[in-house]
2 protein chains.
Amino acid sequence: MAAEAGISRGTVSRVLNNEPYVSETARRAVEAAVAKVGYVRNAAARNLVTQRSRAIALIVHEPHSVVLDDPNIGNILIGTNAVLSDADHQLVTLMIDSQRDSDRVIEYLRGGFVDGAIILSARTGDPISEAIAELGLPASFVGHPPDAPAIPFIGIDNRAAAEAIVERLVATGRRRIGMLASGLDRDSGQDRLAGFQAALGDLFDPALVVRHPFYSYAAGAEGMAELLERDPHIDGVFAASDAVAAGAMDVLHRQGISIPEQVGIVGFDDSSWAIRCTPLLSTVRQPAETLGRRAAQQVLDQLLDGGEAPDGVILPTEIVWRASA
Amino acid sequence: MAAEAGISRGTVSRVLNNEPYVSETARRAVEAAVAKVGYVRNAAARNLVTQRSRAIALIVHEPHSVVLDDPNIGNILIGTNAVLSDADHQLVTLMIDSQRDSDRVIEYLRGGFVDGAIILSARTGDPISEAIAELGLPASFVGHPPDAPAIPFIGIDNRAAAEAIVERLVATGRRRIGMLASGLDRDSGQDRLAGFQAALGDLFDPALVVRHPFYSYAAGAEGMAELLERDPHIDGVFAASDAVAAGAMDVLHRQGISIPEQVGIVGFDDSSWAIRCTPLLSTVRQPAETLGRRAAQQVLDQLLDGGEAPDGVILPTEIVWRASA
DNA sequence: TTGTATGCGTTATCAG
DNA sequence: CTGATAACGCATACAA
């Protein structure tokens with residue numbers, strides 16, 4: 001390449017990086033040679049000397065339950081990508097589906113393929129989170145932090161949001177209120193349950209909490225059937241997500257129970273499920289795209305501002321009051 | 001690092017790569033030193049000399065319509081990741097959401113960050129596909145190939161599948177059959193429309209084809225309303241996807257039209273939408289996970305077998321006959 | 001079996 | 001403004 005332009009490698013490098021102090025003559029010679037040879041600079045060599053890759057990883061755990069069922073992930077991705085794209089960084093999404101994946105991803109992170117990472121739906125004791133903390137890799141969690149206090153996060157207050165929406169369920173006169181709880185292995189799931197309990201106070205009855213690992217339609221259908229069996233006189237339901245609520249509503253319909261007259265029901269997420277129920281579902285809106293944007297910004301800030309990790313941030317949620325309760 | 005073990009760098013390298021011809025003594029010394037220093041080898045340096053990264057890109061176009069609404073993408077991802085994981089390669093997902101993203105991804109590919117690529121939902125004249133062909137990067141399309149004949153693909157026969165399911169719609173006595181067509185800017189969308197027309201023969205009426213850019217619930221709802229306006233006596237509908245079908249069914253219900261008595265309807269994908277309709281939706285099942293697996297395998301084959309690009313492969317689909325038609 | 005020397009393709013640091 | 005030259009951290013051919 002340098003030979004092709006008849007110019008030293010140093011000057012070629014300067015031209016390619018738009019550095020000042022390079023003559024028009026040299027610039028044109030290089031550009032011509034580049035076009036002729038179809039030259040493209042090698043990233044590995046560049047990363048080796050600059051110690052940066054201009055790439056940020058977005059790590060997603062467990063595709064079965066998360067990628068497939070979580071309506072927020074798409075919007076989080078869009079927000080993250082938009083911010084990184086503006087900053088001319090490449091977003092690379094890494095999926096973890098097995099122990100082996102986890103080990104390989106850690107290797108990938110340690111290998112310097114990325115300058116930072118955003119972690120979705122981490123769980124406590126997550127090896128990835130530990131590896132990142134240990135590496136000192138600039139990072140940010142979307143959602144509540146596990147026990148890696150060194151890493152900042154962007155989240156919502158699941159507990160307060162759950163409490164708020166359930167409170168209004170109570171305010172409309174419901175007294176036998178059950179919960180279809182999902183994802184209790186994560187803080188978000190636990191917090192929604194805690195908010196539910198807080199809103200109910202004395203009305204809370206642990207027997208009316210049905211647990212399921214996933215936030216799925218099927219979980220809602222099975223859970224609702226179970227709930228009706230435990231107490232046929234249920235008059236309110238808080239579903240851990242809109243998909244869960246949709247499953248529950250179909251079971252209620254099938255049993256001839258009217259919504260919201262006999263049973264009021266509310267969900268979480270304000271996803272596409274919420275607007276294709278009959279009646280339309282009251283739910284909590286998560287600012288998914290903003291979560292993604294802010295997380296990306298947090299990582300970029302650490303990259304530029306010398307690695308100082310910012311604090312965690314809680315974004316407000318909004319209750320969307322529709323017809324189901 | 002070499003100093004820490006009191007051993008030459010050459011031997012250290014051999015130990016780390018599990019090469020033969022290295023004594024137990026040396027191996028143990030290196031392992032001890034690695035553990036002590038917390039050593040991890042630099043990927044950039046390694047890639048520079050080996051000219052490989054052991055990473056494969058999966059490129060997704062347009063997250064709004066694809067990531068968010070396509071029920072297949074999750075399973076494709078799972079299949080791809082499973083195969084690459086077994087081969088000890090890292091899958092990195094790249095999302096394209098703008099012209100800028102497209103340019104950056106091309107840079108990323110050219111920079112040698114990945115050894116191969118899998119392209120989802122490419123469209124004809126796609127700059128990414130052209131760049132890959134030009135680079136000679138081992139690659140595979142999931143879905144029909146655009147006009148880049150050098151790149152192999154894994155797909156389904158959208159035309160035949162559409163034709164098959166519509167034929168049975170005809171066989172059940174429907175005569176005024178409409179189509180809610182989506183994604184006509186891609187081959188898959190065009191092929192489904194072609195199959196629809198082929199199955200109908202003389203019954204085909206272009207006025208009964210309603211077009212929409214996306215495969216969404218909303219597209220189905222709007223499209224069905226439009227279709228009923230064009231001909232209130234419609235008795236059959238082929239929706240380009242299950243989500244579209246779901247939207248259409250809700251409109252039919254709302255207008256008091258019974259399914260399948262007055263109108264028979266069929267979809268495409270066999271996604272979660274299909275089993276939460278009333279009645280359950282008859283549809284075409286796509287082997288999404290297998291598509292992902294095979295695409296990954298095609299890329300790996302090119303990596304190992306010296307770059308010879310295999311031919312395209314068409315996987316069979318299956319009609320799932322339920323109650324909606 | 002092990003050490004030594006060389007090169008991978010850039011950027012960065014100097015003199016010029 | 002430009003051209004040498006030294007890293008960057010690893011793999012590898014060759015010599016020992």
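Just so we're clear, the structure is a prediction, and the values are computed from it rather than from any experiment. Proteins get letters first, then strands, A, B, ... in listed order; numbering begins at 1 in each.
Put simply, OH on Tyr21(B) is 14 Å from P on dA13(D), counting in whole angstrom units. Atom CZ of Phe113(A) is separated from atom P of dC10(D) by 13 Å (rounded to the nearest Å). Between the C1' atom of dC10(D) and the CD1 atom of Ile7(B) lies a distance of 17 Å, rounded to the nearest Å. Leu48(A) places its CG atom 12 Å from the P atom of dT10(C), with the value rounded to the nearest Å. Between the CG atom of Asn47(A) and the C1' atom of dC8(C) there is a distance of 14 Å, rounded to whole Å. Atom CZ in Arg27(A) sits roughly 14 Å away from atom C1' in dT2(D) (whole-Å rounding).
Here Val15(B) lies out of heavy-atom contact (under 4.0 Å) with every strand. Ala44(B) comes within contact range of no nucleotide atom at all, as no heavy-atom separation falls under 4.0 Å.
Residue Gln51(B) has no polar side-chain atom (N or O) positioned under 4.0 Å from OP1 or OP2 of dA11(D). Residue Thr11(A) has a polar side-chain atom (N or O) positioned under 4.0 Å from OP1 or OP2 of dG3(D).
A 4.5 Å side-chain heavy-atom check between Val60(B) and Ile96(B) finds every atom pair outside the cut-off. Annotation: side chain of Arg41(A) is in contact with side chain of Asn17(A) (closest heavy-atom distance under 4.5 Å). In this structure, the side chains of Arg27(B) and Thr25(B) stay at 4.5 Å or more apart for every pair of heavy atoms.
By the side-chain hydrogen bond (donor to acceptor under 3.5 Å, both in side chains) test, Asn47(B) is found to be paired with no residue, residues two or more places apart in sequence or in another chain being considered. With sequence neighbours excluded, no residue forms a salt bridge (Lys or Arg N to Asp or Glu O under 4.0 Å) with Asp103(B). Among residues two or more places apart in sequence or in another chain, the side-chain hydrogen bond (donor to acceptor under 3.5 Å, both in side chains) test is passed with Thr93(A) by none.
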How would you summarise protein contacts on nucleotides 11-16 of chain C per nucleotide, using B for base, S for sugar-phosphate only and - for none, with heavy-atom distances below 4.0 Å?
BBB---
Throw together a table of side-chain donor-acceptor distances under 3.5 angstrom for residues 289-296 of chain B, partners on residues two or more places apart or in other chains.
{"residue": "Glu289(B)", "atom": "OE2", "partner": "Arg293(B)", "partner atom": "NH1", "Å": "3.1"}

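Between its opening and closing five pairs, the helix from dT1(C)-dA16(D) to dG16(C)-dC1(D) changes axis direction by 40°, a value rounded to 10 degrees.
The existence of a salt bridge linking Arg28(A) and Glu31(A) is excluded, since no basic side-chain nitrogen approaches an acidic carboxylate oxygen closer than 4.0 Å. The pair Asp86(B)-Arg100(A) counts as a salt bridge, with a side-chain nitrogen and a carboxylate oxygen less than 4.0 angstrom apart.
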